[in-house]
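For reference, the structure discussed in these notes is given below.
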Number of protein chains: 2
Amino acid sequence: MSVDEQRRPARVKRLPREVRERQILDAAVRVFSEHGYHNASMDEISEVAGVSKPMIYAYLGHKEDLFAACIRREATLLVEAIAGGVRAEAPPDMQLWHGLRAFFRFVGEQRESWRVLHRQATSQGGPFSEELMGMRGRAINLVDALLVRSATSHGVPTKSTEAMAVALVGAGESLADWWLDHPDVPEKTVASWLMNLVWMGLGDLVDGTSWVPTPE
Amino acid sequence: MSVDEQRRPARVKRLPREVRERQILDAAVRVFSEHGYHNASMDEISEVAGVSKPMIYAYLGHKEDLFAACIRREATLLVEAIAGGVRAEAPPDMQLWHGLRAFFRFVGEQRESWRVLHRQATSQGGPFSEELMGMRGRAINLVDALLVRSATSHGVPTKSTEAMAVALVGAGESLADWWLDHPDVPEKTVASWLMNLVWMGLGDLVDGTSWVPTPE
DNA sequence: CCCGTAGCCTACTGGTGAGTAGGTCCTGGA
DNA sequence: TCCAGGACCTACTCACCAGTAGGCTACGGG
């Protein structure tokens, strides 16, 4: 066994394109999430992926394209995770709860994906943030729809729900980041904090009558 | 009058160091906020500042130092603006309201500062984010303190206020960004949306019994 | 057995931008 | 009047890294 073979992605040879593309994307997400878009070098990505640089260019294109591909893949996973968590048959108030839980579950399980999406993609101007903002927009719309559905199910007209959705999404992002630094807090707890804050408000929280999810 | 003289900062000569440093910082904030840390070039900053590159190095040091100096200055201004807005004699619930308003006022007036702080500084790892996170931490502590004060003034023990503060700060950041794209909404309105969300919760919002600030 | 093609590499180039060497010129004090 | 030092500049160097030229090898079909 040579020295090389004990290194990271045991440099297997002649894999089908599909597989290589996945390996490259995985490596790219890792490296981008660690160093940020600009400080990530294509050389490092190629090394982590166990592939030479020209392969990346051949399969995924230029650095921007590669980054965009990462964003697209991870953002799609996130949005799908949330949408999948929201079960349509549940009562509207519960749907928000399920969405929140799905969100935090995703963040807990895919920290690197989350870092890339939240920290990196947001801060780069240009084509990415459009891509990403589109996804964020979809998330916000999803939340917005939940809010509206809740409100109308209570028979009340709503206003400024978009802004509420934006605030809620922002609170979620911020809390998710905080959670990364406090991993001992269980996912359900974080989710219920946010649900309480957002549904009952601090005023009620302070009164001690907080909203508690039904046991599952 | 030469061609050069009609350009941006009418290239005045032999100004005292103090003044130059301010000009350079102003330029740096503009350029960083526009292009982001990495895409901002020292050459462009020097051009916008109306000064040659070596001056920047002589006065503010390397690119990292310069960026850190921007962060420090702007973050201090922001925190001071909020702290100044929170009037100590007001009742605790009102202090939160005043803090929110001061925050949104700052964002509205200092868009570039806000962009640098929120978008850029957060996403760069390393020394900056420490600097910035320190400031963000101070903001969170400030909010946390307000929450605790509110709660105890109601005679209720509190828990997980730190997480609440984090969520609230995140909601504020997100809403501030949204506001940048919807400048026609008055500052007071945005602030009251967030106050409502956070104080009464969506549940009450939906009931139509929202919290309305007293006219000033 | 030969050749097309798909997987894969080493070894380069060229641009960009951080950082600097080495000066000039002006002002104010001795 | 002279000189110290601070304001200020032009014109570089040099490293890093995105992106590429030009190959080589293994497999499958004819």
Side-chain angles (χ1 to χ4, degrees), chain A residues 2-5 7-28 31-32 34-70 120 124-128, chain B residues 2-5 7-25 27-28 31-32 34-70 120 124 126-128:
Chain A
S2 82
V3 176
D4 271 41
E5 283 174 66
R7 291 200 308 171
R8 274 191 264 183
R11 209 133 231 190
V12 198
K13 35 172 198 168
R14 304 232 150 217
L15 296 176
R17 173 169 185 151
E18 241 185 318
V19 179
R20 285 296 190 212
E21 285 189 355
R22 271 206 38 202
Q23 291 180 343
I24 293 171
L25 281 177
D26 291 343
V31 175
F32 282 137
E34 194 174 348
H35 302 305
Y37 175 70
H38 272 280
N39 286 324
S41 75
M42 297 298 271
D43 287 284
E44 182 174 355
I45 294 174
S46 77
E47 195 186 336
V48 171
V51 158
S52 76
K53 221 175 2 156
M55 294 301 311
I56 301 181
Y57 283 88
Y59 285 168
L60 276 313
H62 291 200
K63 195 181 184 184
E64 286 198 356
D65 305 325
L66 176 60
F67 188 63
C70 291
Q120 298 311 322
Q124 316 298 337
F128 321 128
Chain B
S2 83
V3 176
D4 271 42
E5 285 174 65
R7 291 200 309 172
R8 277 191 264 183
R11 212 133 230 187
V12 199
K13 35 172 196 169
R14 305 240 146 211
L15 296 176
R17 174 170 183 150
E18 239 186 317
V19 178
R20 283 297 189 214
E21 285 189 354
R22 271 205 40 202
Q23 291 180 342
I24 293 171
L25 281 176
V31 176
F32 282 136
E34 193 173 350
H35 302 304
Y37 176 70
H38 272 282
N39 286 326
S41 75
M42 297 298 270
D43 286 287
E44 181 175 355
I45 294 173
S46 78
E47 195 186 337
V48 171
V51 158
S52 77
K53 222 179 356 161
M55 292 303 309
I56 301 182
Y57 284 89
Y59 286 168
L60 276 313
H62 291 199
K63 195 181 183 183
E64 286 197 356
D65 305 325
L66 176 60
F67 189 62
C70 291
Q120 299 312 321
Q124 315 299 337
F128 322 127

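All chains are named by letter (A, B, ...) in the order of the sequence lines, taking the proteins before the strands, and each is independently numbered beginning at 1. Quick note: numbers below take in every heavy atom, side chains included, and nothing from hydrogens, waters or symmetry partners.
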Grab the N/O contacts between the protein and nucleotides 21-24 of chain C below 3.5 Å, and write none if there aren't any.
none

Protein-nucleotides 2-5 of chain C N/O pairs under 3.5 Å:
none

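The nucleotide whose nearest atom lies closest to any side-chain atom of B:Arg17 is, among D:dA7, D:dC17, C:dA18, D:dA7. Side-chain proximity of B:Tyr57 to C:dT20, D:dA18, D:dA7: nearest is C:dT20. Looking at the side chain of A:Ser52, the nearest of the listed nucleotides D:dT10, D:dA18, C:dT10 is C:dT10. Comparing atom distances between the A:Leu15 side chain and each of C:dC8, C:dA18, D:dC8 picks out C:dC8 as nearest.
A close approach under 4.0 Å does occur between a side-chain nitrogen or oxygen of A:His62 and OP1 or OP2 of D:dT20. For the pair A:Tyr59 and C:dA6, the criterion of a side-chain N or O lying under 4.0 Å from OP1 or OP2 is not met.
Within 6.0 Å of CZ in B:Arg22 there are 12 or fewer heavy atoms belonging to other residues, nucleotides or ligands.
Whole-Å rounding puts the A:Arg20 CZ to C:dC9 P distance at 7 Å. In this structure, CD1 of B:Ile24 is placed 11 Å from C1' of D:dA7, rounded to the nearest angstrom. The CG-P distance, from A:Asn39 to D:dA15, rounds to 19 Å in whole Å. The interatomic distance linking A:His38 (NE2) with C:dG17 (C1') rounds to 13 Å, in whole Å. D:dC17 atom C1' lies 15 Å from atom CG of A:Leu66, rounded to whole Å. If you take CG of A:Asp43 and P of D:dA15, they are 17 Å apart, rounded to a whole angstrom. Remark: P of C:dA18 and CG of B:Leu60 are 15 Å apart, rounded to the nearest angstrom. Going from atom CD of A:Glu21 over to atom C1' of C:dG7 covers 13 Å, rounded to whole Å.
Counting any heavy atom pair closer than 4.0 Å across all strands shown, A:Met55 reaches a base atom.
One cannot find a donor-acceptor pair under 3.5 Å joining the base of C:dG19 and the side-chain atoms of B:Lys63.
A:Asp26 has its side chain out of reach of A:Val48: every pair of non-hydrogen atoms, C-beta onward, lies at least 4.5 Å apart. Within the 4.5 Å cutoff, side-chain heavy atoms of B:Glu64 are placed close to those of B:Tyr37.
An end-to-end axis angle of 10° holds for the helix from C:dC1-D:dG30 to C:dA30-D:dT1, taken from five base pairs per end and rounded to 10°.
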